[in-house]
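Report on one structure; see the data block that follows.
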Amino acid sequence: MSALSELYDNIRCCEKCEIARSRIKVVPGEGAEDAEIMFIGEAPGFHEDQQGRPFVGPAGKFLDELLASINLNRQQVYIANVIKCRPPANRDPLPQEILNCREWLNRQIEIINPKVVVTLGRYSMAMFFPQKTISKIHGTAEKRNGVLYVAMYHPAAALHQGNLKDVIKADFLRLPGYISAYNKTAEAKEEKKESSPVTKQLNMFEV
Ligand code: URA
């Protein structure tokens, strides 16, 4: 059993929050275990709750379009949410729910080990960019401990506020550039390591 499947089994049994009682299906997340990019949304909505899959409603269709605009599809990335159960009537997630679910999200990040984490919306952004404002930082990237964090508007917000649609589209188009810059830096670091005097000396002893 893969680490992700094992994790999904644990998430499906979780009953830490009251909202576990009203859920139809838990929505753990989905995508490639070796994905370079991980998207983190807010919480399952009606459609996600019915199907047990993230971003399958109208916001998900738009996310698919955004992914296609940079030649990616769902199978190549990983998609999760801050909380894994649908809040009744799609209310905002409660602080305690976010806290209870953090363990699952942390483990997902540990397993996927993405190069880039894209936060979608306020709640996801608040986890990785505390005290920041989405209107100021959307589309920008910040590298911490080898991971590039990029904050984006939530696709649903962009659908409801027409003026944000072009903004999120433009922000998405910046992702390939971030990834290639990330890869170049990683390669340069690798080359530097290989050509360091210590490494050269060590290489002399290799047979
Ligand atoms: N909105 C989210 O934040 N997540 C989903 O999975 C669907 C809609």
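Counting starts at 1 for both ligands and their atoms, following the listed order. Computed from a predicted model, the values in this text were never measured in an experiment.
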Are any non-hydrogen side-chain atoms of Arg122 and Thr119 less than 4.5 angstrom apart?
->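 Arg122 vs Thr119: side chains apart.
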Could you give me the CA-CA distance, side-chain angles and deciding distance for Glu103 and Lys16, then say whether salt bridge (charged side-chain N to carboxylate O under 4.0 Å, His left out) is met?
-> CA-CA 11 Å; Glu103 172 194 353; Lys16 280 190 247 176; 2.6 Å; yes
Ignoring hydrogens and angles, write down the donor-acceptor pairs under 3.5 Å from the side chains of residues 27-42, residues two or more places apart or on other chains.
from  : atom 1 : to     : atom 2 : distance (Å)
Glu30 : OE1    : Arg53  : NE     : 2.9
Glu30 : OE2    : Arg53  : NE     : 3.4
Glu30 : OE2    : Arg53  : NH2    : 2.9
Glu30 : OE2    : Arg74  : NH1    : 3.1
Glu36 : OE2    : Lys115 : NZ     : 3.0

For ligand 1, output the ligand-protein N/O contacts shorter than 3.5 angstrom; if there are none, return none.
from     : atom 1 : to     : atom 2 : distance (Å)
ligand 1 : 1 (N)  : His154 : NE2    : 3.3
ligand 1 : 3 (O)  : Glu42  : N      : 2.7
ligand 1 : 3 (O)  : Ala43  : N      : 3.3
ligand 1 : 3 (O)  : Asn81  : OD1    : 3.4
ligand 1 : 3 (O)  : His154 : NE2    : 2.7
ligand 1 : 4 (N)  : Ala43  : O      : 3.1
ligand 1 : 4 (N)  : Asn81  : OD1    : 2.8
ligand 1 : 4 (N)  : Asn81  : ND2    : 3.4
ligand 1 : 6 (O)  : Phe55  : N      : 2.9
ligand 1 : 6 (O)  : Asn81  : ND2    : 2.9

Look up atom CZ in Phe129 and atom NE2 in His138, then write down how far apart they are to the nearest 0.5 Å.
->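 Rounded to the nearest 0.5 Å, the CZ-NE2 separation comes out at 12.5 Å.
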Reported NE2-to-NE2 distance for the pair His154 and His160, which is rounded to 0.5 angstrom =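 It is 10.0 Å, given to the nearest 0.5 Å.
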Is it true that Lys84 and Glu97 make a salt bridge, defined as a side-chain N closer than 4.0 Å to a carboxylate O?
->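 Judged by the 4.0 Å cut-off on N to carboxylate O distance, Lys84 and Glu97 do not form a salt bridge.
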